Amino acid sequence: MNKLRQLIQRYWPFLSVSAVLLVIIEWAVAREWVPKFIIPRPSDVIKTLFTQAPQLWTHTQATLLEVIVGVAISIGLGLLIGILLYYSDFIERAFYPFVLISQTIPTIALSPIFVLWFGYSLWTKVAIIFLITFFPVVVSVFDGLKRTDEEYLELFRVMGASKWQMFSQLQWKFALPSIYSGLKMSVVYSLIGAVIGEWLGGSEGLGYYIRRMSSSIKSEGVFAGILVLSLIGILLFNLVGLLENRSLKYLNTEKRK
């Protein structure tokens with residue numbers, strides 16, 4: 001109860017504004033000032049969440065699988081590439097431009113190529129998710145390692161620490177706040193990649209569900225799918241935040257000292 005009370009106290013401005021907006025939209029649509037096929041009544045969206053719950057859950061599972069696989073690959077390769085970029089000037093000069101170029105190409109332009117390579121399978125969505133999410137991981141690792149205090153590095157050198165000891169005991173800890181910022185961005189962006197992949201083709205996932213509802217001009221179904229995606233994004237973001245708070249306790253201890 002205390003946790004819930006703290007959350008309400010912290011986010012009451014957001015909750016208040018959201019409630020007012022929902023009431024205004026409900027009232028405006030009910031009076032037919034706004035057509036239902038453009039913006040549905042919030043009550044109809046909530047009703048759809050319950051009536052379509054089994055279908056939404058099935059599509060949510062498909063989207064979550066794509067996100068988990070895509071983000072896991074992004075984290076694994078992103079950490080490796082970021083560390084290699086930091087420790088090797090040659091690799092940085094040779095490959096960092098490719099990392100940047102990958103983000104200048106519109107994802108929607110590459111998506112048909114992934115469809116040609118992988119068909120309408122899970123791996124098409126995973127490839128799109130990876131393309132969107134690995135960049136924040138690579139940059140956050142690379143920049144985080146570069147932020148290590150030079151005085152601490154010099155102290156470790158004087159004490160005869162090995163490169164592994166310097167990395168594991170010093171540089172990695174300095175980089176963690178930056179890395180977690182990159183992970184938060186990645187888990188949210190991963191949903192965008194999943195929806196793009198599902199929108200292009202396939203028969204499951206929230207992106208497919210939204211496209212199907214849109215083609216049937218069922219705006220309440222479209223908004224229900226969007227709401228589920230938003231809730232998943234908030235949940236994933238907070239899960240990373242929870243992991244961050246637990247793993248960075250050493251920073252809080254340092255501050256108290």
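Computed from a predicted model, the values in this text were never measured in an experiment. Residues: numbered from 1 along the sequence shown.
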Quiz item: E26 and P42: which non-hydrogen atoms are nearest, and at how many Å?
Solution: OE1-CD, 3.0 Å

Quiz item: Same cluster for V99 and F142 if Ile/Leu/Val/Met/Phe/Trp/Tyr side chains link at under 4.5 Å?
Solution: yes

Return a table of donor-acceptor pairs under 3.5 angstrom between the side chains of residues 87-98 and protein atoms on other chains or two or more places apart.
residue	atom	partner	partner atom	Å
Y87	OH	Q171	OE1	2.8
S88	OG	I91	N	3.1

Practice problem: Check for a donor-acceptor pair, side chain of S178 on one end and backbone N or O of S140 on the other, with a separation under 3.5 Å. | Solution: yes

Quiz item: Do T58 and E204 get their side chains close enough for a donor-acceptor pair, meaning under 3.5 Å?
Solution: no

Practice problem: Give a yes or no answer on whether the side chain of S216 reaches the backbone of R212 with a donor-acceptor pair at less than 3.5 Å. | Solution: yes

Self-check item: Residue list, salt bridge (charged side-chain N to carboxylate O under 4.0 Å, His left out) with E151, at least two apart or on another chain
Solution: none

Exercise. Would you list the pairs meeting salt bridge (charged side-chain N to carboxylate O under 4.0 Å, His left out) in which at least one residue belongs to residues 114-127, sequence neighbours left out?
Key: none

Exercise. Check whether any side-chain N or O of Q103 sits under 3.5 Å from a backbone N or O of L131 as a donor-acceptor pair, and report yes or no.
Key: yes

Quiz item: What is the minimum heavy-atom distance between G221 and Y209, and which atoms define it?
Solution: O-CE2, 3.4 Å

Quiz item: Would V188 and L242 show up in the same hydrophobic cluster when neighbours are defined by side-chain heavy atoms closer than 4.5 Å?
Solution: no

Practice problem: Would you check if there is a donor-acceptor pair between the side chains of Y180 and S247 at a distance under 3.5 Å? | Solution: yes

Quiz item: Which heavy-atom pair separates V71 from S190 by the least distance, and what is that distance?
Solution: CG2-CB, 3.5 Å

Quiz item: Does S186 reach the main-chain N or O of T133 with its side chain, forming a donor-acceptor pair under 3.5 Å?
Solution: yes

Practice problem: Could you tell me whether a side-chain N or O of S219 sits under 3.5 Å from a main-chain N or O of I39, the two making a donor and an acceptor? | Solution: no

Practice problem: Would you check if the side chain of Q55 reaches a backbone N or O of Q52 as a donor-acceptor pair within less than 3.5 Å? | Solution: no

